[in-house]
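What follows is one structure encoded as structure tokens, with my remarks underneath.
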Amino acid sequence: TIQIRTGALLLKVTPLHESVIRLTAPDTYRRLHALAESRREDATRGLGDRDLFMVSFFSYEPDVTFQPEDVRLAHQGRTLRPEAIVPVTPGWGQQRMQQQETQTAVYAFEAPIDYYQDIVLHYQMEQNDVWRGIISRLETELAKVKSRVGS
């Protein structure tokens with residue numbers, strides 16, 4: 001998960017690609033896989049193959065607004081904007097949250113995304129390039145899986 005905090009708003013973006021979520025704990029995998037599968041048809045309708053991400057906004061204060069379309073990913077020299085946004089939580093369309101409230105949606109971005117290359121999250125004027133560190137964790141977890149399968 002990549003995060004950006006801007007003022008009273010926390011944005012979290014989590015890839016739902018099988019190659020990434022397979023490396024999580026079993027309960028996390030089941031939850032993220034089920035979310036992706038339940039929203040895949042709506043998120044990709046008319047678009048073809050797309051990479052899905054869970055996007056959550058969290059409010060630390062009352063009456064905080066968010067702009068869903070301002071979420072962008074920079075990857076391999078391209079700026080990716082969401083091609084589809086499928087709400088998960090009922091208040092998503094209000095684009096306003098009360099204190100300690102979370103609003104979540106599934107975003108579809110143009111595929112393919114190479115999860116072993118840098119991904120930079122942008123939201124309005126903020127950005128986070130922490131994915132570089134996540135790549136090494138993905139590689140470590142993948143090596144563990146391969147060693148278990150090989151033994």
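With a 4.5 Å cut-off on side-chain heavy atoms, Met54 and Leu35 count as touching. Side-chain contact between Leu52 and Arg40 is present, with at least one heavy-atom pair separated by less than 4.5 Å. With contacts defined as side-chain heavy-atom distances shorter than 4.5 Å, the pair Glu141/Lys144 qualifies. Counting heavy atoms from C-beta on, the side chains of Leu11 and Thr6 never come closer than 4.5 Å. Residues Val120 and His75 are not in side-chain contact: their nearest non-hydrogen atoms beyond the backbone lie 4.5 Å or more apart. Annotation: side chain of Phe57 is in contact with side chain of Leu9 (closest heavy-atom distance under 4.5 Å). Considering only heavy atoms from C-beta on, Thr14 stays 4.5 Å or farther from Phe53 through its side chain. Between Arg72 and Leu80 the shortest side-chain heavy-atom distance does not fall below 4.5 Å.
Defined by atom type and a distance below 3.5 Å, a donor-acceptor pair is missing between the side-chain atoms of Gln124 and Glu126. Remark: the Glu18 side chain and the Tyr29 side chain contain an N/O donor-acceptor pair separated by less than 3.5 Å. With hydrogens and angles left out, the side-chain atoms of Thr89 and Gln103 include a donor and acceptor closer than 3.5 Å.
Using modelled atom types, no side-chain atom of Thr28 and backbone atom of Thr24 make a donor-acceptor pair closer than 3.5 Å.
In this structure, the separation between OG1 on Thr44 and CZ on Arg50 is 8.5 Å, given to the nearest 0.5 Å. Separation of atoms CZ (Phe109) and CG (Asp51) is listed at 10.0 Å; rounding is to 0.5 Å. To the nearest 0.5 Å, the span separating OG on Ser19 from CG on Leu142 amounts to 9.0 Å. Here the straight-line distance linking atom NE2 of His17 with atom CG of Asp114 works out to 9.5 Å at 0.5 Å rounding. Distance CD1/Ile2 to CG/Leu73: 6.5 Å, rounded to 0.5 Å.
Tracing side-chain contacts under 4.5 Å through hydrophobic residues (I, L, V, M, F, W, Y), one never reaches Tyr107 starting from Leu47; they form parts of separate clusters. Hydrophobic clustering keeps Val86 apart from Val88 (ILVMFWY residues linked when any side-chain heavy atoms are closer than 4.5 Å, directly or through intermediates).
The heavy-atom pair separating Gln127 from Ile4 by the smallest distance is CA-CD1, 3.8 Å. Closest approach of Leu32 to Ile21, counting heavy atoms only: CD1-CG2, 3.7 Å. The two residues Ala43 and Ala84 have their closest heavy-atom pair at O-CB, 3.2 Å. The two residues Pro87 and Ala105 have their closest heavy-atom pair at CA-CB, 3.9 Å.
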Please test Trp131 against Leu121 for side chain to side chain contact (heavy atoms under 4.5 Å, CB included), starting from the C-alpha separation and ending with a verdict.
CA-CA 9 Å; Trp131 192 258; Leu121 171 63; over 6 Å; no
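Here Phe58 and Phe66 keep their ring centres 6.0 angstrom or further from each other.
The pair Arg45-Glu41 meets the salt-bridge criterion, with a side-chain N (NZ, NE, NH1 or NH2) lying under 4.0 Å from an Asp/Glu carboxylate O. Ion pairing of Glu110 with Arg78 is present here, as a side-chain N (NZ or NE/NH1/NH2) and a carboxylate O approach within less than 4.0 Å.
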